[in-house]
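Heads up: the structure comes next, in structure tokens.
Each chain gets a letter, A, B and so on, in the order its sequence line appears, and its residues count up from 1.
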There are 2 protein chains.
Amino acid sequence: MTATPMNEPIMDLVAAKERGFTLDDCPVRDVLDKLSGKWATLLLFELHIGPKRFGVLRRSVPDISQRMLTQTLRTLERDGFISRTVKPTKPPSVEYALTDMGASFMPLIAEIVAWADQNHEQIRLMRRTFDAVE
Amino acid sequence: MTATPMNEPIMDLVAAKERGFTLDDCPVRDVLDKLSGKWATLLLFELHIGPKRFGVLRRSVPDISQRMLTQTLRTLERDGFISRTVKPTKPPSVEYALTDMGASFMPLIAEIVAWADQNHEQIRLMRRTFDAVE
DNA sequence: TAAAGTAGGCACATTGAGGTAACCTGCCAC
DNA sequence: GTGGCAGGTTACCTCAATGTGCCTACTTTA
């Protein structure tokens, strides 16, 4: 709840800082931007269950607008997290799927979910306490 | 590079979805918002090395404005990631430090950094390829 | 002929994160 | 006094992310 006597620092992070990983064109930003968008993780989430078509995705994430669905899928495709395959059905359909790289990213999301699950009660408690004092 | 035959889904994620973790007041959002801000991770990064005073933090992250430094520190404190301690020195000084909860969050950041380190070349390759085709 | 379902595109408004710059409150030294 | 440092706060502005609504082009079904 208060200051910690500091468990020893994670050396990877110390090393990362020394390599300049805190700069603006930083590779980590590329990844963080995926996590930060409102929809990207939800879509990765859906595709992690299995490949899905455009319309199915839209119904799976009912709040998303068509525009944001298209746009988010594009940037995820652009960065190689998902693939887009047009199938020559009668009305051509488009299937989206995780790539191997995208799939390798999901364990990180799973860990974040797990951490959030373990800590969100304390976070909300701290928040209420902080707000109460003004 | 193309569609993956889908390694088996991570059951924690499937379970999370069934518990409604994709909703708007979702606990995961609370955590993702920390990662998404421009400065929060950098400040956690600095405090992970050790406790630091306001002015030291400002010099450690030279691009940050006083306003954003104060603001980001406040929200991190509000959510219990860091602690704020006023010390009765001649001009009173303020020391910021990771809390235990904040420290427990750092391994996740370390993993994201490691993943970004391994994959950013491919991401940028995919991006260039995608942009070339138009 | 009309409706409804495929997968989008385009134009505009909103909104919130972030930046800039100035001011403030103590306390110290000159 | 005047100036500086510490740690802020406040007002104002910008810009990118996101939302809303309407449009296309094609095909199947009623």
Side-chain angles (χ1 to χ4, degrees), chain A residues 22-26 29-43 46-47 51-79 82-97 130 133-134, chain B residues 22-26 29-43 46-47 51-79 82-97 130 133-134:
Chain A
T22 63
L23 296 174
D24 247 3
D25 67 339
C26 159
R29 282 283 160 217
D30 284 345
V31 178
L32 256 35
D33 287 346
K34 293 284 157 291
L35 288 168
S36 70
K38 184 170 179 181
W39 302 112
T41 49
L42 289 181
L43 293 179
E46 293 297 330
L47 295 179
K52 285 194 171 68
R53 294 178 37 192
F54 186 89
V56 176
L57 279 172
R58 188 168 23 148
R59 284 185 289 277
S60 301
V61 186
D63 290 351
I64 198 172
S65 65
Q66 226 166 5
R67 180 185 177 287
M68 289 312 296
L69 180 54
T70 301
Q71 183 175 309
T72 307
L73 289 171
R74 280 294 173 289
T75 71
L76 285 174
E77 183 197 359
R78 185 172 106 101
D79 284 5
I82 67 177
S83 64
R84 187 187 113 111
T85 313
V86 181
K87 298 198 165 181
T89 50
K90 321 61 169 313
S93 62
V94 180
E95 186 172 86
Y96 293 91
F130 186 93
V133 185
E134 219 141 334
Chain B
T22 62
L23 295 175
D24 246 3
D25 66 340
C26 159
R29 281 284 160 216
D30 286 345
V31 177
L32 256 34
D33 287 345
K34 293 283 155 294
L35 287 168
S36 70
K38 183 171 179 179
W39 303 112
T41 50
L42 290 180
L43 293 178
E46 294 296 331
L47 294 179
K52 285 194 172 67
R53 294 177 37 192
F54 186 89
V56 176
L57 279 173
R58 185 165 27 145
R59 285 186 288 278
S60 301
V61 186
D63 290 351
I64 198 172
S65 66
Q66 219 166 10
R67 184 173 104 74
M68 288 314 294
L69 180 53
T70 301
Q71 182 175 307
T72 308
L73 288 172
R74 278 294 172 288
T75 71
L76 286 174
E77 184 198 357
R78 186 171 106 101
D79 284 5
I82 66 176
S83 64
R84 188 188 113 111
T85 314
V86 180
K87 299 199 163 179
T89 50
K90 322 88 185 274
S93 60
V94 180
E95 187 172 87
Y96 292 92
F130 185 92
V133 184
E134 217 143 335

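B:Leu43 CG to B:Ile64 CD1: the interatomic distance, rounded to the nearest 0.5 Å, is 5.0 Å.
The base of D:dG7 sits with one of its N or O atoms less than 3.5 Å from a complementary donor or acceptor on the side chain of B:Gln66.
Distance B:Asp63 CG to C:dT20 C1': 14 Å, rounded to the nearest Å. The separation between A:Arg74 atom CZ and D:dA17 atom P is 17 Å, rounded to whole Å. Across the protein-nucleic acid pair, B:Tyr96 atom OH and D:dA6 atom C1' stand 12 Å apart, rounded to whole Å.
Shortest non-hydrogen contact noted between B:Thr41 and A:Leu32 is OG1-CD2, 4.2 Å.
Residues B:Arg74 and A:Phe130 are in side-chain contact: their nearest non-hydrogen atoms beyond the backbone lie under 4.5 Å apart. Contact of the A:Trp39 side chain with the A:Gln71 side chain is not registered, since no non-hydrogen atoms from C-beta on lie closer than 4.5 Å.
Here A:Arg58 lies out of heavy-atom contact (under 4.0 Å) with every strand. B:Ser93 comes within 4.0 angstrom of the backbone, heavy atoms only, and of no base. Using a 4.0 Å heavy-atom criterion, one finds that A:Thr70 contacts the sugar-phosphate atoms exclusively.
In terms of phosphate contacts, B:Arg53 brings no side-chain nitrogen or oxygen within less than 4.0 Å of OP1 or OP2 of D:dC5. The side chain of B:Lys38 contributes an N or O atom lying less than 4.0 Å from OP1 or OP2 of C:dG19. Distances shown here put a side-chain N or O of A:Arg59 below 4.0 Å from the OP1 or OP2 atom of C:dT6. Taking 4.0 angstrom as the limit, B:Arg67 places none of its side-chain polar atoms (N or O) nearer than this to OP1 or OP2 of D:dG7.
Distance from the side chain of A:Trp39 is smallest for D:dG19 among the nucleotides D:dG19, C:dG9, C:dT20. Taking every side-chain heavy atom of B:Met68 into account, C:dG18 is the closest of C:dG18, C:dG8, D:dG7.
With DNA chain D read from its 5' end, the first of the two nearest nucleotides for A:Ser36 and A:Pro92 is the one closest to A:Ser36.
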